[in-house]
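Each chain gets a letter, A, B and so on, in the order its sequence line appears, and its residues count up from 1.
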Protein chains: 2
Amino acid sequence: MATKSRRVLGLRHTDPGEVSLQEALEALADPVRRSIVRTLAGEADFARTCGTFDLAVSKATASHHFAVLRATGLLEQVDQGPRRLNRLRRAEFDARFPGLLALVLAEGEPAATH
Amino acid sequence: MATKSRRVLGLRHTDPGEVSLQEALEALADPVRRSIVRTLAGEADFARTCGTFDLAVSKATASHHFAVLRATGLLEQVDQGPRRLNRLRRAEFDARFPGLLALVLAEGEPAATH
DNA sequence: AGAACTGTTCGATAGCGGTCGAACAGTTGG
DNA sequence: CCAACTGTTCGACCGCTATCGAACAGTTCT
């Protein structure tokens, strides 16, 4: 049986390879989570702490969304003192669900000239 | 303003071009709807009526799911007597959300040799 | 016309998930 | 050591949606 999740410094992470399409779609069907993903894609790895995202929800809710993203293999977090640094698992997730991340990242962009 | 939906023989259809990523993900986040899409992809256009899908839900619920798929631009329906024939709007939807449909269709497939 | 069939609509219900404030836990800096 | 800060956990709440049976509307066939 494959390992379902592993721990990175005490945080429950799931490998994108173990994630079902159901889980992936559910995770990305939330606008707040997509916003986190998009923001993260525009930054260097581990350059952002959870608190620096401009989200229209409370701390508690934000924390919940980060947990979902970790559990879906979209996010990797490491501790840096009291803060938590985030990294989008771009390549890994894209390998599991080719093109899906691209759709999310294209969402904020100016519409293509038609 | 762009036309939000059009009518095809009395049925409210939405063009994939008018669909948001939010709506697309919500539509495909349901296993019953993905099942419908997958079944439809394996058949010729307009070769299946609503009643011939092997779904684990009631008639009423199935009807609801077909309506959602129409509203998301995934499905086109035409009447044939008392029956309704279905067609997956493959090319149109894929043009709007490249790769998304492919992920759904790959879902049922045997896992690639690893 | 009427029976049989297909699909939709209508309430009503149940459960899941997003949301919040408050309390908590860990870490750092004064 | 203690205040301040960051993020998680805990209940609780609420709205949305999937679900159902029953009633309805159209069509076809006898």
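Atom-to-atom, NZ of B/Lys59 to C1' of D/dA22 comes out at 10 Å; the value is rounded to the nearest Å. With rounding to whole Å, A/Phe66 atom CZ is found 15 Å from C/dG18 atom P. One atom, CZ of A/Arg70, and another, C1' of D/dG7, lie 10 Å apart when rounded to the nearest Å. Atom pair B/Asp79:CG and C/dT6:P shows a separation of 14 Å (rounding to whole Å applied). Between the C1' atom of C/dG18 and the CZ atom of A/Arg34 lies a distance of 14 Å, rounded to the nearest Å. Rounded to whole Å, the distance from CD on B/Glu26 to C1' on C/dG18 is 13 Å. The CG-P distance, from B/Asp30 to D/dC16, rounds to 18 Å in whole Å. Straight-line distance from the CG atom of A/Asn86 to the C1' atom of D/dT8: 14 Å, rounded to whole Å.
At least one side-chain heavy atom of B/Leu103 sits less than 4.5 Å from a side-chain heavy atom of A/Leu100. A heavy-atom distance below 4.5 Å is found between the side chains of B/Leu40 and B/Leu75. Under the 4.5 Å side-chain criterion, counting only non-hydrogen atoms from C-beta, A/Leu105 is in contact with A/Arg38.
Put simply, A/Thr61 has a side-chain N or O that comes within less than 4.0 Å of OP1 or OP2 on C/dC20. The phosphate of D/dT8 has OP1 or OP2 within less than 4.0 Å of a side-chain N or O from A/Arg84. Under 4.0 angstrom from either OP1 or OP2 of D/dG26 there lies no side-chain N or O belonging to B/Arg83.
Using a 4.0 Å heavy-atom criterion, one finds that A/Arg48 contacts no nucleic acid atom at all.
In this structure, A/Arg87 pairs ionically with A/Glu92, as a charged nitrogen and a carboxylate oxygen lie closer than 4.0 Å.
For the pair A/Arg84 and A/Phe66, the cation does not sit on the ring face, since its NZ or CZ is not both under 6.0 Å from the ring centre and inside 45° of the axis.
Set against C/dT9, C/dG18, D/dA18, the side chain of A/His65 has C/dG18 as its closest nucleotide. The nucleotide whose nearest atom lies closest to any side-chain atom of A/Thr49 is, among D/dG7, D/dC20, D/dA18, D/dG7.
For the pair B/His64 and A/Thr52, nearest-nucleotide mapping onto DNA chain D gives the more 5' position to A/Thr52. With the nearest nucleotide of DNA chain C identified for both A/Gly81 and A/Ala60, A/Ala60 has the one nearer the 5' end.
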